[in-house]
Trainee: 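Pasting in a structure now, in structure tokens, and then I'll have a few things to ask.
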Amino acid sequence: MDPIIEPKVLRGFRDSLPRTELLRKKIRNTLEREFTLFGFVPIDTPALEYSEILLGKGGGETDKQIYRFLDHGKRDIALRFDLTVPFARFMARYSGEIILPFKRYHIAKVWRGENTQRGRYREFTQIDFDIVGVDSASADFEILMVMQRSFTALGVKKFKIHFSHRELLKEFLKNYGLEMNYVSILRIIDKTKKIGKAKVKDLLTELCAASQADDILEFIKIEKNDSLTLNKMADALDPDIEAFRRIDEIFKCIEECGLSEYFSFDPSITRGLDYYTGLVYETFLMDLPEIGSVCSGGRYNNLASLYTREKLPGVGSSIGLDRLISALEELKLSDPVEEGSNLIILFLDDSLLAAYQKMAAQLREAGLSVDVFPQKKKLAVQFNYAEKRTIPLALIYGETEHKKGVVTLKDLRTRKSYENLKLENAINTALELLRS
RNA sequence: GUGGGUGUAGCUCAGGUGGUUAGAGCGCCAGUCUGUGGAACUGGAAGUCGUGGGUUCAAGUCCCAUCUCCCACCCCA
């Protein structure tokens with residue numbers, strides 16, 4: 001005998017069993033329905049791109065742990081590690097055909113060769129949605145509302161979208177002459193929720209004076225309510241700057257739509273990525289704060305600068321589907337998915353094989369999803385199979401039924417039989433039982 | 001990438017200080033039961049002890065390497 005090859009999968013990669021896959025599909029459908037209600041349209045891009053496209057000219061591969069290799073034609077290529085960079089390339093390529101403002105969503109797998117951990121894989125699905133081609137409060141708010149609607153549609157009740165505006169902090173740091181450390185300071189502040197204020201202060205004092213670190217921490221603190229927080233910031237800065245006006249307008253939208261309970265102005269939100277220029281936000285599940293943000297993003301003023309001279313502002317958001325699913329499961333918000341069909345036709349007699357298939361076709365015509373047990377076996381085995389696959393109904397048709405020209409329908413959930421039914425009556429009864 | 005832990009049948013786990021053919025429960029298959037299943041009983045299949053080396057007369061048990069998963073850092077989704 002040949003040796004057996006172990007059916008293993010690559011580290012950080014996973015199979016998805018029907019139960020999981022059905023759940024993923026359901027969540028995708030829910031989200032896609034929301035996106036569509038807002039007028040977003042789907043796009044897709046290739047998994048593989050020229051490395052130059054993904055890495056930029058400098059080829060800063062260090063951070064992203066990109067899967068990169070030569071193909072058979074010696075092309076230097078790589079697997080996409082996010083959906084934003086391919087989107088930028090996409091926009092540059094089709095700038096002539098796409099009508100702006102453009103609202104798209106993109107649900108696809110991405111790959112990163114990073115070290116694995118629970119909820120962190122090397123292949124995972126990302127859900128991005130963006131509005132590009134405008135820089136306006138309306139677009140900013142619309143993205144926030146898509147997020148709010150999406151989580152509500154998924155059945156999440158207690159969540160909060162924390163948002164801020166990067167310009168505010170930038171201005172603040174400029175006053176202190178710290179703008180050259182802008183990005184490093186942003187990254188440190190971004191960790192506040194995770195590592196706590198004391199540690200953040202330690203890290204900050206490596207970059208500036210201790211008193212300045214205190215001032216920064218004071219600046220990013222959330223006050224009792226949003227307007228107090230805003231007032232504090234307005235006192236520290238020139239209250240006339242554009243960022244305040246933008247935040248004001250967003251607040252008006254939130255209030256007007258009655259969504260205040262879902263939003264919180266939080267100056268400690270900065271996002272680690274350096275391409276954000278305006279609004280930034282993260283979403284937290286109140287019953288599961290430890291998993292961090294489940295949906296975040298922000299405004300950028302130049303999406304595709306690497307690939308085109310055209311300036312393309314936008315605002316967008318990204319959800320990690322895998323993390324979202326494990327969160328929903330932990331919160332018991334993902335109702336168990338039925339993986340079976342509606343009805344199974346039991347196999348009692350070899351001579352009736354064709355009759356079973358014909359009946360199945362008729363039942364499917366009526367909109368039922370139908371399994372035919374594929375071979376003759378003990379009834380107990382057939383019933384057990386149906387039960388394991390959570391098939392609620394069974395159709396029994398053997399010699400006795402065949403002679404009488406009737407069928408027996410059985411509700412496997414209640415174990416109640418409905419005998420001597422004509423097939424049409426059985427179909428109606430089945431549809432009725434499924435509705436209950 | 002750095003540091004720590006882990007790995008025995010499909011699943012959950014037993015297997016003091018190395019010693020003959022590696023066990024249990026659940027699950028699976030078959031039968032008792034020629035057309036109405038969740039019970040019981042009887043029997044059965046199933047394990048390269050993660051993988052590869054080494055030490056030893058002898059290794060699931062000790063040593064080394066490697067892989068997996070988990071935890072922290074990093075980074076983020």
Side-chain angles (χ1 to χ4, degrees), chain A residues 1-14 17 60-66 80-84 106-128 186-188 190-191 193-195 199 203 270-274 276 282-284 290-297 316-327 344-352 373 376-391 393-404 407-419:
Chain A
M1 258 218 318
D2 289 332
I4 283 171
I5 298 165
E6 197 190 334
K8 61 188 174 187
V9 298
L10 241 29
R11 164 179 214 175
F13 288 69
R14 299 165 304 154
L17 269 57
E61 193 182 355
T62 41
D63 273 7
K64 293 291 184 184
Q65 300 289 349
I66 295 171
R80 64 176 172 221
F81 56 87
D82 74 5
L83 263 24
T84 306
H106 191 181
I107 303 177
K109 282 183 173 175
V110 300
W111 296 267
R112 293 182 197 173
E114 285 178 308
N115 224 337
T116 58
Q117 230 167 85
R118 182 163 51 98
R120 285 184 58 176
Y121 309 99
R122 290 183 170 177
E123 178 183 65
F124 55 97
T125 300
Q126 225 169 290
I127 301 170
D128 275 29
L186 280 188
R187 290 216 170 124
I188 295 170
D190 195 40
K191 291 177 191 164
K193 289 208 172 44
K194 206 172 171 189
I195 64 177
K199 279 202 165 173
L203 290 171
T270 62
R271 307 291 299 137
L273 301 171
D274 54 6
Y276 291 120
E282 299 187 354
T283 310
F284 299 95
E290 67 277 8
I291 66 161
S293 173
V294 287
C295 175
S296 36
S317 217
S318 176
I319 300 176
L321 182 61
D322 306 84
R323 187 179 283 187
L324 176 63
I325 287 176
S326 64
I344 185 162
I345 296 176
L346 302 189
F347 198 119
L348 302 186
D349 200 314
D350 286 321
S351 66
L352 296 173
F373 199 85
K376 187 174 171 181
K377 281 222 175 182
K378 276 205 314 200
L379 276 186
V381 172
Q382 301 195 39
F383 281 127
N384 278 328
Y385 168 82
E387 186 181 45
K388 263 182 224 151
R389 297 209 49 220
T390 59
I391 297 171
L393 300 173
L395 194 76
I396 297 159
Y397 182 70
E399 211 181 326
T400 33
E401 285 87 357
H402 176 60
K403 274 182 193 148
K404 288 200 241 170
V407 299
T408 298
L409 182 70
K410 182 160 172 165
D411 189 328
L412 301 174
R413 299 164 297 188
T414 59
R415 304 210 167 185
K416 198 170 155 196
S417 286
Y418 302 83
E419 292 177 24

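Below, read A as the first sequence line, B as the second, and so on, with proteins coming before strands; counting in each chain starts at 1.
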Trainee: Using a cut-off of 4.0 Å on non-hydrogen atoms, how would the nucleic acid contact of A:Ile396 be classed: base, sugar-phosphate, or nothing?
Mentor: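 It contacts base atoms.
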Trainee: Using a 4.0 Å heavy-atom cut-off across all strands, classify A:Gly297 as base, sugar-phosphate, or nothing.
Mentor: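 Here A:Gly297 touches no strand at all.
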Trainee: Using a cut-off of strictly less than 4.0 Å, decide whether A:Lys378 has a side-chain nitrogen or oxygen near OP1 or OP2 of B:A30.
Mentor: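 The answer is no; no side-chain N or O of A:Lys378 sits under 4.0 Å from OP1 or OP2.
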Trainee: Counting heavy atoms from C-beta on, name the nucleotide in B:G35, B:A77, B:C28 closest to the side chain of A:Arg112.
Mentor: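 Selected nucleotide (nearest to the side chain): B:A77.
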Trainee: Send over the distance from A:Asp349 CG to B:U36 P, rounded to a whole Å.
Mentor: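 After rounding, the reported distance stands at 15 Å.
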Trainee: Using the side chain to side chain donor-acceptor pair (under 3.5 Å) definition, which of the options A:Gln382, A:Lys388, A:Arg389 pairs with A:Tyr385?
Mentor: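 With A:Tyr385 as partner, side chain to side chain donor-acceptor pair (under 3.5 Å) holds for just one option, A:Arg389.
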Trainee: Taking the P atom in each of B:G16 and B:U20, what is the distance between them to the nearest angstrom?
Mentor: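 Looking at atom P only, B:G16 and B:U20 are 11 Å apart.
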Trainee: May I have the distance from A:Phe373 (atom CZ) to B:U36 (atom C1'), rounded to whole angstrom?
Mentor: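 Nearest whole value for this atom pair: 14 Å.
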Trainee: Regarding A:Lys376, tell me which of base, sugar-phosphate or nothing describes its non-hydrogen contacts under 4.0 Å with the strands shown.
Mentor: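 Since no nucleic acid heavy atom lies under 4.0 Å of A:Lys376, the category is nothing.
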Trainee: For RNA chain B, whose closest nucleotide is more 5', that of A:Thr400 or that of A:Arg413?
Mentor: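 Nearest nucleotide further toward 5': that of A:Thr400.
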Trainee: Measure the spacing between CD1 of A:Ile127 and CG of A:Leu321 and express it to the nearest 0.5 Å.
Mentor: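 Going from CD1 on A:Ile127 over to CG on A:Leu321, the span is 4.5 Å.
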Trainee: Give me the distance, rounded to whole Å, that separates B:U17 from B:A77 when you measure between the P atoms they each carry.
Mentor: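 Taking atom P in both B:U17 and B:A77, they lie 48 Å apart.
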Trainee: Taking atom P in both B:U8 and B:C69, what distance in whole Å separates the two?
Mentor: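 That atom pair is separated by 14 Å.
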Trainee: Using every non-hydrogen atom in the two residues, find where A:Arg122 and A:Arg11 come nearest and quote the distance to one decimal.
Mentor: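 In this case the closest contact between A:Arg122 and A:Arg11 is CD-O, 3.4 Å.
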Trainee: What does A:Arg271 touch in the nucleic acid at a heavy-atom separation under 4.0 angstrom: a base, only the sugar-phosphate, or nothing?
Mentor: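 Counting heavy atoms under 4.0 Å across all strands, the contact made by A:Arg271 is with sugar-phosphate only.
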Trainee: Just checking A:Leu412: base, sugar-phosphate only, or nothing, at a heavy-atom cut-off of under 4.0 Å?
Mentor: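 Result for A:Leu412 = base.
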Trainee: In whole Å, measure the gap between the P atoms of B:U6 and B:C71 for me.
Mentor: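 It works out to 15 Å between them.
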Trainee: Measure CD/A:Glu114 against P/B:G1 and give the value in whole Å, please.
Mentor: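 It is 11 Å, rounded to the nearest whole Å.
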Trainee: If I pick the P atom on B:U21 and the same atom on B:C13, what distance separates them, to the nearest angstrom?
Mentor: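 Comparing P positions in B:C13 and B:U21 gives a spacing of 28 Å.
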Trainee: On a whole-Å scale, what distance lies between the C1' atoms belonging to B:A22 and B:A65?
Mentor: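 It works out to 26 Å between them.
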Trainee: Give one of base, sugar-phosphate or nothing for A:Glu282, where a contact means two heavy atoms less than 4.0 Å apart.
Mentor: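 A:Glu282: no heavy atom of the nucleic acid under 4.0 Å.
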Trainee: Measuring only the P atom in each nucleotide, how far is B:U2 from B:C49? A whole number of Å is fine.
Mentor: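 Between the two P atoms, the distance is 29 Å.
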Trainee: Taking the P atom in each of B:A14 and B:A46, what is the distance between them to the nearest angstrom?
Mentor: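 B:A14 and B:A46 have their P atoms separated by 25 Å.
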Trainee: Which is more 5' along RNA chain B, the nucleotide nearest A:Glu399 or the one nearest A:Asn115? Just name the residue.
Mentor: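 Between the two, 5'-proximity favours A:Asn115.
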Trainee: If only atom types and distance count, is the side chain of A:Arg112 paired as donor or acceptor with the main-chain N or O of A:Phe81 below 3.5 Å?
Mentor: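 Judged by distance alone, yes, a pair lies under 3.5 Å.
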Trainee: Counting heavy atoms from C-beta on, name the nucleotide in B:A77, B:G37, B:U36 closest to the side chain of A:Arg415.
Mentor: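 The listed nucleotide nearest to A:Arg415's side chain is B:G37.
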Trainee: Which part of the nucleic acid, if any, lies within reach of A:Arg11 when heavy atoms closer than 4.0 Å are counted: base, sugar-phosphate only, or nothing?
Mentor: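 Counting heavy atoms under 4.0 Å across all strands, the contact made by A:Arg11 is with sugar-phosphate only.
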Trainee: Please give, in whole Å, the distance from B:C76 C1' to A:Asp322 CG?
Mentor: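 Nearest whole value for this atom pair: 13 Å.
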Trainee: So what does A:Lys377 hit on the nucleic acid, given a heavy-atom distance under 4.0 Å: a base, only sugar-phosphate, or nothing?
Mentor: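 Sugar-phosphate, backbone atoms only, no base.
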